[in-house]
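Every chain is numbered from 1 and lettered A, B, ... according to where its sequence line falls, protein lines coming before strand lines.
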2 protein chains.
Amino acid sequence: MSQHRHPGAPGRAGAVPALPDLPEATVARLPEYLRALHNLAETGHETVSSEGLANAAGVNSAKLRKDLSHLGSYGTRGVGYDVGLLIDQIEFVLGLTQRRAVALVGVGNLGHALAGYDGFASRGFRIAALFDADPSRVGEEISGLTVRHVDELPRVAAEESISIGVIATPASAAQAVADQLVAVGVTSILNFAPCVLSVPEGVDVRKVDLAIELQILSFHEHRKASLTALPASGGSALTALPGGLAATDTQEAIGT
Amino acid sequence: MSQHRHPGAPGRAGAVPALPDLPEATVARLPEYLRALHNLAETGHETVSSEGLANAAGVNSAKLRKDLSHLGSYGTRGVGYDVGLLIDQIEFVLGLTQRRAVALVGVGNLGHALAGYDGFASRGFRIAALFDADPSRVGEEISGLTVRHVDELPRVAAEESISIGVIATPASAAQAVADQLVAVGVTSILNFAPCVLSVPEGVDVRKVDLAIELQILSFHEHRKASLTALPASGGSALTALPGGLAATDTQEAIGT
DNA sequence: AGGCGCTTGTGAAGGGGTGCACAAATCGCG
DNA sequence: CGCGATTTGTGCACCCCTTCACAAGCGCCT
Ligand SMILES: NC(=O)c1ccc[n+]([C@@H]2O[C@H](COP(=O)([O-])OP(=O)(O)OC[C@H]3O[C@@H](n4cnc5c(N)ncnc54)[C@H](O)[C@@H]3O)[C@@H](O)[C@H]2O)c1
Ligand SMILES: NC(=O)c1ccc[n+]([C@@H]2O[C@H](COP(=O)([O-])OP(=O)(O)OC[C@H]3O[C@@H](n4cnc5c(N)ncnc54)[C@H](O)[C@@H]3O)[C@@H](O)[C@H]2O)c1
């Protein structure tokens with residue numbers, strides 16, 4: 001309302017950046033808002049209503065307002081949110097005002113795709129180094145970066161200030177790689193290997209497991225199929241689908 | 001939870017599967033349990049306690065027991081769970097007793113990695129077809145599959161019974177591809193493009209956005225840094241770091 | 001056979017997230 | 001200058017999920 005705290009001057013003057021530890025669910029949605037906001041900015045929008053932004057981000061508008069209110073947001077009643085200001089706010093809260101350096105370990109099948117992904121740079125990150133353990137891969141150049149041996153990680157980590165480590169090695173090597181990353185001071189890890197990593201407290205790990213996503217979809221697919229197959233027996237609580245309108249879509253019958 | 005269904009193996013004809021609609025959080029963890037169980041089975045374990053399995057899956061043991069109880073699980077008090085039986089149960093609930101056919105649309109940078117990923121096959125899926133819109137890509141052979149033009153989707157979908165569609169195209173094309181998938185009867189979509197998809201009710205969409213994961217990590221990184229920077233005592237619990245390199249993060253001071 | 005230790009399954013309490021509904025605030029306009 | 005239209009920010013009720021704690025059940029050992 002009255003006190004405008006600009007992201008450009010987070011540091012000084014007694015006033016703490018006031019990082020209120022946001023609800024985790026909110027944090028997970030902020031990047032989505034940010035992406036939608038960038039789209040809006042590119043298409044010339046100066047302000048946006050919570051309804052409009054919520055729509056663009058695929059969420060409920062009340063949820064969006066509550067999320068933004070958590071970070072002491074600055075909307076104008078009767079008008080909406082200033083797109084540019086909101087972008088700055090969210091980028092500041094997410095710690096994106098500095099371009100974070102990412103180290104990618106494991107330049108195989110998936111690692112190659114990641115290394116060449118331009119979505120990194122455009123969303124606030126910079127791939128600072130590529131590592132692999134396979135000597136035949138060391139020295140290869142990908143998107144202007146040279147693959148180094150993983151043993152060089154300590155030295156490189158000292159040069160570049162690695163903020164986040166990405167693991168794209170086989171699961172059998174993931175824990176060892178995570179240990180190495182932690183050893184050089186990395187406190188945030190994104191893990192693509194399908195395994196559980198054990199890390200000391202203070203280190204954040206997020207996991208991306210493609211097969212898990214597919215299996216979750218498989219469950220719903222299975223459930224949908226069994227619903228259409230059921231002749232409305234017992235009538236327990238399974239008919240709890242929204243609206244009661246029973247899926248006007250085409251359903252593939254799964255052979256049984 | 002008085003209705004004890006028979007451990008009736010998935011294959012059993014007759015008994016109606018009567019899928020209990022599990023809590024969504026439980027569904028999301030079942031694949032993790034399944035992976036851990038497969039690991040245990042491979043290492044010769046016949047039974048496992050909730051504590052052991054929870055440990056292997058990286059969750060709380062009470063949570064795991066409640067999850068398993070939801071699917072009318074069959075453990076033996078004083079002993080634990082039969083690994084093989086539990087695998088069958090979970091695979092059945094997840095709808096993995098049939099190998100689901102996956103269609104991958106967009107065989108670019110990321111699509112190539114996905115097409116060559118053997119984690120699909122080993123976790124219950126089969127890539128049935130690859131599609132792209134780029135004529136120069138059509139015809140290319142990847143891992144034994146030939147890339148077809150996306151216009152052939154209807155025909156191929158009729159032949160193979162596509163269960164899940166994976167979108168790995170640029171964001172600008174994702175909505176159109178989703179529409180095409182829905183049009184041919186696909187009701188489950190995994191989307192790698194950074195955008196919100198709009199689909200009719202009854203269609204499930206899951207999204208994997210790498211940048212979002214990194215930005216969430218960035219937030220926590222930012223928060224950790226601001227905590228260590230604060231003179232307010234409190235004694236941070238971050239001292240678990242080995243290298244003593246206590247996140248000497250440069251405080252950003254970038255003006256817009 | 002009986003007791004004992006171990007493990008499951010679950011009731012209950014507590015916390016967090018979601019969405020509704022509305023008061024407060026702001027702008028444009030007559 | 002005030003009024004109505006519009007939109008934000010939030011109190012509140014509800015629901016889901018997590019976690020603790022413990023009784024019930026099971027096998028083994030004596
Ligand atoms: N390819 C995909 O589409 C995909 C999708 C989801 C998950 N994954 C997972 O991502 C990981 C990588 O998959 P991939 O297909 O790229 O496998 P890959 O075998 O092609 O690549 C793995 C790379 O890691 C390197 N490596 C092995 N041990 C290492 C170590 N100790 N230190 C550094 N590098 C090491 C190997 O030399 C290799 O280059 C796997 O865990 C896989 O399950 C892959
Ligand atoms: N490369 C990565 O590591 C990575 C990581 C995360 C997310 N993503 C996202 O995944 C998507 C693909 O990334 P990429 O790096 O593979 O891009 P890419 O440009 O290399 O590949 C995109 C492919 O999609 C094809 N395509 C375009 N329009 C199509 C249409 N209408 N129908 C069918 N095919 C079409 C193109 O011909 C191309 O082959 C992008 O949305 C990207 O943001 C990529």
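With DNA chain C read from its 5' end, the first of the two nearest nucleotides for A/Asp67 and B/Leu68 is the one closest to B/Leu68.
Across the protein-nucleic acid pair, A/Lys66 atom NZ and D/dT10 atom C1' stand 6 Å apart, rounded to whole Å. As rounded to whole Å, 12 Å separates atom P of D/dG9 from atom CG of A/Leu53. When the C1' atom of C/dT7 is taken as reference, atom CG of B/Leu86 falls 14 Å away, rounded to whole Å. Between the OH atom of A/Tyr74 and the P atom of C/dA25 there is a distance of 17 Å, rounded to whole Å. Atom P of nucleotide C/dT7 and atom CG of B/Asp82 are separated by 16 Å, given to the nearest angstrom. With rounding to whole Å, B/Glu51 atom CD is found 13 Å from D/dT19 atom C1'.
Between the side chain of B/His222 and the backbone N or O of A/Leu96, no donor-acceptor pair lies under 3.5 Å. With hydrogens and angles disregarded, no donor-acceptor distance shorter than 3.5 Å links the side chain of A/Ser188 to the backbone of A/Ile164. In terms of modelled atom types and a separation under 3.5 Å, the side chain of B/Arg100 and the main chain of B/Gly95 share a donor-acceptor contact. Side chain of A/Lys224 to main chain of B/Thr187: a donor-acceptor pair is present (N/O by atom type, distance under 3.5 Å, no hydrogens or angles).
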Requested in this report: List the steps, then state whether side chain to side chain donor-acceptor pair (under 3.5 Å) holds for B/Gln175 with B/Asp179.
Outcome: CA-CA 6 Å; B/Gln175 181 63 59; B/Asp179 292 342; 2.9 Å; yes
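Taking each heavy atom of B/Phe125 and A/Ala211 in turn, the nearest pair found is CE1-O, 4.2 Å.
For B/Ser49, the side chain to side chain donor-acceptor pair (under 3.5 Å) criterion is met by no residue, not counting sequence neighbours. Listed by chain and number, the residues in a salt bridge (charged side-chain N to carboxylate O under 4.0 Å, His left out) with A/Lys207 are B/Glu32 (sequence neighbours excluded). With sequence neighbours left out, the side chain to side chain donor-acceptor pair (under 3.5 Å) criterion links A/Asp82 to no other residue.
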All N/O pairs under 3.5 Å across the protein-nucleotides 25-28 of chain D interface:
from: D/dG25; atom 1: N2; to: B/Gly78; atom 2: N; distance (Å): 3.3
from: D/dC26; atom 1: O4'; to: B/Arg77; atom 2: O; distance (Å): 3.2

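Contact check, B/Ser49 against C/dT7: no side-chain N or O comes under 4.0 Å of OP1 or OP2. For A/Tyr81 and C/dT26, the shortest distance from a side-chain N or O to OP1 or OP2 is not below 4.0 Å.
Ionic pairing of B/Asp209 and A/Arg123 is present here: one or more N-O contacts between side-chain nitrogen and carboxylate oxygen are shorter than 4.0 angstrom.
The distance from the CD atom of B/Glu42 to the CG atom of B/Leu37 is 11.5 Å, given to the nearest 0.5 Å.
Contact check of residues 58-65 of chain B against DNA chain D (heavy atom, cut-off under 4.0 Å) returns B/Asn60, B/Ala62, B/Lys63, B/Arg65. Taking every heavy atom of residues 21-45 of chain A and every atom of DNA chain C, pairs under 4.0 Å involve A/Pro23, A/Glu24, A/Ala25, A/Arg29, by number.
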